[in-house]
*Asks:* 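Right, I'll just put the structure down here and ask away after.
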Amino acid sequence: MEIMTDKQFDKIILMFEMILEGCKDLEDAKRKIKELREDKKEKAE
């Protein structure tokens with residue numbers, strides 16, 4: 001089992017803040033996250 005450090009946790013929260021910035025609603029936030037995940041998958045291939 002891996003334990004997340006405070007620094008790792010803070011970095012994740014900061015990323016969420018950056019993603020959610022400018023979102024009008026929950027659907028907008030979900031769309032942004034989905035786009036980021038798909039972009040990450042494309043780069044991994």
Side-chain angles (χ1 to χ4, degrees):
M1 181 171 139
E2 290 186 37
I3 297 174
M4 186 181 309
T5 66
D6 288 344
K7 187 175 181 179
Q8 290 170 320
F9 180 77
D10 189 53
K11 189 172 184 176
I12 290 169
I13 297 300
L14 180 61
M15 285 189 283
F16 275 122
E17 184 180 337
M18 291 170 65
I19 291 167
L20 297 176
E21 189 172 303
C23 290
K24 298 172 187 136
D25 55 22
L26 182 58
E27 291 304 314
D28 193 25
K30 287 180 181 179
R31 180 189 52 76
K32 279 180 140 181
I33 291 170
K34 183 177 179 183
E35 287 175 4
L36 287 170
R37 292 184 73 208
E38 289 173 355
D39 187 46
K40 177 75 173 171
K41 286 180 187 176
E42 289 174 5
K43 287 181 180 178
E45 293 174 354

*Asks:* From Leu36 CG over to Arg31 CZ, what is the distance, rounded to the nearest 0.5 angstrom?
*Replies:*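 One finds 10.0 Å between CG of Leu36 and CZ of Arg31.
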
*Asks:* Is there a continuous path of hydrophobic side-chain contacts, each under 4.5 Å between heavy atoms, that joins Ile33 to Leu14?
*Replies:*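 In one cluster: no.
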
*Asks:* With sequence neighbours left out, what residues match Asp39 under side-chain contact (heavy atoms from CB on, under 4.5 Å)?
*Replies:*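 Per chain and number, Asp39 pairs via side-chain contact (heavy atoms from CB on, under 4.5 Å) with Glu42, Lys43.
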
*Asks:* Among Asp6, Ile13, Thr5, which residue satisfies the side chain to side chain contact (heavy atoms under 4.5 Å, CB included) criterion with Phe9?
*Replies:*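 Going through Asp6, Ile13, Thr5 one by one, the side chain to side chain contact (heavy atoms under 4.5 Å, CB included) with Phe9 is satisfied by Ile13 alone.
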
*Asks:* Identify each donor-acceptor pair in which a side-chain atom of residues 18-27 lies under 3.5 Å from a protein atom, sequence neighbours left out, and give them as a table.
*Replies:*
{"from": "Asp25", "atom 1": "OD1", "to": "Glu27", "atom 2": "N", "distance (Å)": "3.3"}
{"from": "Asp25", "atom 1": "OD1", "to": "Asp28", "atom 2": "N", "distance (Å)": "2.8"}

*Asks:* Mind listing the closest non-hydrogen atom pair of Ile3 and Gln8 along with its distance?
*Replies:*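 Nearest heavy atoms, Ile3 then Gln8: O-OE1, 4.0 Å.
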
*Asks:* What residues, two or more places apart in sequence or in another chain, satisfy side-chain contact (heavy atoms from CB on, under 4.5 Å) together with Asp10?
*Replies:*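 Result, side-chain contact (heavy atoms from CB on, under 4.5 Å) vs Asp10: none returned.
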
